[in-house]
Amino acid sequence: MELYMHDLGVPDEVVARIERTAGSGYTVLDIKDGVGTTGNSVIRFSDTGASKGAINYEHADDSLRITTNASEQLRITSDGKVGIGNTTPP
């Protein structure tokens, strides 16, 4: 089974897809970057006031960032360096 979500401004472009292959033992949530290799793919955790948490993949530098309380707390760079409370890990 696959569930596709489309950008309302671009009817034929898939921006997110949930896919579960029968018998494979895995499910995939694929979030597409709408601008190629320079945008972000983000899962946000919001309340009625604001978006407080996020898991953000930055395509421009291939880093993964985790935000809590509206502030970046963890970053994994493309070469595997991990920064906790540091956006430029050593």
Side-chain angles (χ1 to χ4, degrees):
M1 177 187 87
E2 293 186 21
L3 170 67
Y4 290 93
M5 291 171 267
H6 296 273
D7 183 345
L8 295 177
V10 185
D12 293 331
E13 182 177 3
V14 175
V15 295
R17 175 182 73 172
I18 300 172
E19 174 184 330
R20 182 171 181 270
T21 305
S24 68
Y26 68 91
T27 301
V28 175
L29 170 60
D30 186 9
I31 302 171
K32 298 287 186 186
D33 170 13
V35 295
T37 59
T38 59
N40 298 53
S41 295
V42 181
I43 298 173
R44 289 193 180 126
F45 305 94
S46 303
D47 56 28
T48 57
S51 176
K52 295 286 192 167
I55 300 170
N56 175 14
Y57 189 86
E58 173 68 48
H59 293 276
D61 65 4
D62 290 322
S63 65
L64 180 68
R65 305 162 186 206
I66 296 178
T67 300
T68 62
N69 198 24
S71 179
E72 183 178 321
Q73 301 299 325
L74 182 136
R75 181 179 296 196
I76 303 172
T77 64
S78 62
D79 58 352
K81 294 178 182 171
V82 177
I84 298 175
N86 181 351
T87 59
T88 55

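All values derive from a computational prediction rather than experimental measurement.
Counting only heavy atoms from C-beta outward, the side chains of T67 and F45 never approach each other to under 4.5 Å.
To the nearest 0.5 Å, atoms CG (L64) and CD1 (I55) are separated by 7.5 Å. Interatomic distance, T88 OG1 to R75 CZ, rounded to the nearest 0.5 Å: 7.5 Å. Between the CD1 atom of I76 and the CZ atom of R65 there is a distance of 12.0 Å, given to the nearest 0.5 Å. Annotation: the span from N86 atom CG to Q73 atom CD amounts to 11.5 Å, rounded to 0.5 Å.
No side-chain donor from either of S71 and N69 sits under 3.5 Å from a side-chain acceptor of the other.
With Y57 as the fixed residue, the side chain to side chain contact (heavy atoms under 4.5 Å, CB included) test singles out one of D62, I43, V42: D62.
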